[in-house]
Amino acid sequence: MIRVLLADDQPLIRSGFRALLDLESDIQVVAQASNGAEALALAREHLPDIALIDIQMPVVDGIEATRRIAADPALAGVHVVILTNYGLDEYVLNALRAGAAGFLVKDIVPEDFLHAVRVAARGDALLAPSITRQLINRYVTQSPDIGTRAVLEELTNREREAVALVARGLSNDEIAAHMVISPLTAKTHVNRAMAKLHARDRAQLVVIAYESGLVSPRDS
């Protein structure tokens, strides 16, 4: 059973998402919050698998709520998915840096929304290749961060290659095919890179790859 926390300051939005999720036999909405402070408290109380969090909320906004959830070791199993009206923007980039596993635009079709919840529950990042390309383009005018580039020196060449492929939006199976290794070995490379870089999930690997200059628009 996938346990979900909904956090949005608009009751109608929360009700709509809950009505959709309640129809699924493998998904349970365990709590609802109207602001980021409530979301954090309810996450600690219920330990959901997924926290669907709106960016713009009163008291504590979605970015700060995400940052606090990601920083709490007791909430390591909570995958934050940001809800936004606007698609990729600076708020979303900041949320990914804060530790979000991905984001969804609120006008998403129901089938894709339910699929996304299940993807996030598996621990996969909600970053489609099209979104990955947009993220890369956002960083194209920025110089690589020297400090971020330095942390990549902790990785082996194969781990660095795996991170670059994650940043291009490839799944473990696709990484395995590209590197001519088994899916299990690909997963091992990705997991070791996450551990060495202290990345909470694949989404943070993507951010590190962009900020370090490991990927460029030519790679998208």
Side-chain angles (χ1 to χ4, degrees), residues 4-9 13 17 31 33-106 108 116-117 119-128 131-132 134-139 142 144-145 147-149 151-152 163 166-167 169 190 193-215:
V4 175
L5 163 66
L6 289 173
D8 196 299
D9 62 331
I13 296 292
F17 281 132
S34 60
N35 61 63
E38 289 181 1
L40 181 61
L42 290 171
R44 289 169 173 162
E45 178 181 352
H46 294 279
L47 297 178
D49 301 299
I50 303 295
L52 296 171
I53 297 181
D54 184 32
I55 283 186
Q56 297 178 330
M57 291 188 295
V59 185
V60 173
D61 66 27
I63 295 174
E64 181 59 26
T66 298
R67 183 176 293 109
R68 295 182 190 181
I69 289 173
D72 190 338
L75 301 179
V78 179
H79 303 288
V80 175
V81 176
I82 290 294
L83 300 172
T84 176
N85 289 316
Y86 307 109
L88 183 68
D89 58 19
E90 197 63 32
Y91 290 110
V92 170
L93 295 175
N94 289 337
L96 292 173
R97 293 189 188 103
F103 72 94
L104 297 173
V105 180
K106 290 183 180 179
I108 188 172
V117 169
V119 167
R122 294 199 302 265
D124 293 335
L126 292 175
L127 294 171
I131 299 300
T132 298
Q134 291 182 59
L135 282 168
I136 292 173
N137 289 334
R138 283 297 181 94
Y139 281 96
Q142 301 180 20
D145 182 271
T148 306
R149 180 185 289 275
V151 302
L152 294 180
V163 171
V166 168
V190 172
M194 287 173 57
K196 290 180 179 180
L197 299 175
H198 305 289
R200 180 181 173 88
D201 50 34
R202 294 170 75 97
Q204 287 203 307
L205 279 186
V206 174
V207 171
I208 291 170
Y210 301 149
E211 291 186 332
S212 67
L214 179 64
V215 292

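- Contact detail for Lys106 and Asn85: the closest heavy-atom pair is CD-OD1, 3.1 Å.
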Item to check | Check against side-chain contact (heavy atoms from CB on, under 4.5 Å), Leu83 and Phe17 | outcome: CA-CA 11 Å; Leu83 300 172; Phe17 281 132; 3.9 Å; yes
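- Across all non-hydrogen atoms, the minimal contact from Val81 to Ala120 is CG2-CB, 3.7 Å.
- Considering all non-hydrogen atoms of both residues, Ser212 and Leu152 come closest at OG-CD1, 3.1 Å.
- At a threshold of 4.5 Å between non-hydrogen side-chain atoms, the residues Val166 and Val190 count as touching.
- Partners of Ala70 according to the side chain to side chain contact (heavy atoms under 4.5 Å, CB included) rule, which considers only residues two or more places apart in sequence or in another chain, are Arg200.
- Take Ile108 and apply the side chain to side chain contact (heavy atoms under 4.5 Å, CB included) test, not counting sequence neighbours, and it matches Leu104, Asp112, Phe113.
- The two atoms that bring Ile208 and Ala199 nearest to each other are CD1-CB, 4.4 Å, heavy atoms only.
- Between atom OG1 of residue Thr84 and atom CD1 of residue Ile55 there is a gap of 4.5 Å, rounded to the nearest 0.5 Å.
- Of all heavy-atom pairs between Ile82 and Ala100, the closest is CG1-CB, 3.8 Å.
- Side chains of Val78 and Leu5 form no contact here, defined as non-hydrogen atoms less than 4.5 Å apart.
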Can you give the donor-acceptor pairs under 3.5 Å from side chains of residues 35-51 to other protein atoms, not counting sequence neighbours?
from: Asn35; atom 1: OD1; to: Ala37; atom 2: N; distance (Å): 3.0
from: Asn35; atom 1: OD1; to: Glu38; atom 2: N; distance (Å): 2.8
from: Glu38; atom 1: OE1; to: Ser34; atom 2: N; distance (Å): 2.8
from: Glu38; atom 1: OE1; to: Ser34; atom 2: OG; distance (Å): 3.0
from: Glu38; atom 1: OE2; to: Ser34; atom 2: OG; distance (Å): 3.4
from: Arg44; atom 1: NE; to: Asp72; atom 2: OD2; distance (Å): 3.1
from: Asp49; atom 1: OD2; to: Arg3; atom 2: N; distance (Å): 2.7

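- Taking both residues in full, the closest heavy atoms of Thr66 and Gly99 are given as CG2-C, 3.9 Å, listed atom of the first, atom of the second, then distance.
- Contact of the Leu214 side chain with the Val163 side chain is registered, since non-hydrogen atoms from C-beta on lie closer than 4.5 Å.
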